[in-house]
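Structure record follows, encoded as structure tokens.
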Amino acid sequence: MSDKKKGGKKIGNIKGFSIQFLPYSEIRDLDSDDRIKKILGILLGNNILILQGRITPNEESRLIGDTMAMIGHVANFKGIELVVISGNNRDSILGKMKKGIANALAGGDFSAITVMGPATIVKEIKRNPKKIELFLNR
């Protein structure tokens, strides 16, 4: 897209990023520190990351904390946007137990997908049951 007008607004160029899918199997055997390092390495490479499954809530907090500490210290880094999308939580108690056992055996929650990207590229990620909206910065 070049500087064309659409509805009176200028459409800017977005360049220098890619979308990377990361199967959970690639981070399953890593400890928390190495998982966070791997994810940060991908995000610092101007990639939008789609992770099969999800990291633990503790790892998610540490990832956000680490990225906030990097703001101002890493050139052109403004943080990350992150959203976890999971199936509906309308399972019965037996269904939740089955899902918990399956997740424990598989080594992760595969009923979820985590989408994250650097804030310099991703303006906002919205989710609803039927779609994911990824808004990019111009």
(request) Look only at the side chain of Glu26 and the backbone of Pro23, and say whether a donor-acceptor pair between them is shorter than 3.5 Å. (result) no

Donor-acceptor pairs under 3.5 Å, side chain of residues 60-72 to any protein atom, not counting sequence neighbours: which ones?
unit_1	atom_1	unit_2	atom_2	d
Ser61	OG	Pro57	O	3.1
Arg62	NH1	Asp33	OD1	3.2
Arg62	NH2	Asp33	OD1	2.3
Thr67	OG1	Leu63	O	3.2
Thr67	OG1	Ile64	O	2.8

(request) With Ile50 as reference, evaluate Thr114, Leu22, Ile113 under the side chain to side chain contact (heavy atoms under 4.5 Å, CB included) test and give the passing residue. (result) Ile113

(request) Applying side chain to side chain contact (heavy atoms under 4.5 Å, CB included) between Leu49 and each of Ile19, Val115, Ile80, Ile39, report the one that passes. (result) Ile39

(request) Output yes when a side-chain donor or acceptor of Arg35 lies under 3.5 Å from a complementary backbone atom of Arg28, and no otherwise. (result) yes

(request) With rounding to the nearest 0.5 Å, note down the distance linking CD1 in Ile55 to CG in Leu30. (result) 12.0 Å

(request) Apply the side chain to side chain contact (heavy atoms under 4.5 Å, CB included) test between Ser18 and each candidate in Asn46, Ile42, Asn47; give the one that qualifies. (result) Asn47

(request) Decide yes or no for Ile27 and Leu51: does some side-chain heavy atom of the first lie under 4.5 Å from some side-chain heavy atom of the second? (result) yes

(message) Once rounded to the nearest 0.5 Å, what's the spacing between atom CD of Glu81 and atom CG of Leu136?
(response) 11.0 Å

(request) Without swapping roles, check the side chain of Gln52 against the backbone of Tyr24 for a donor-acceptor pair under 3.5 Å. (result) yes

(request) Give a yes or no on this: more than 12 heavy atoms of other residues, nucleotides or ligands lie within 6.0 Å of atom CG of Asp31. (result) yes

(request) Rounded to the nearest 0.5 Å, what's the gap from CD1 on Ile36 to CG on Leu43? Could you check? (result) 11.5 Å

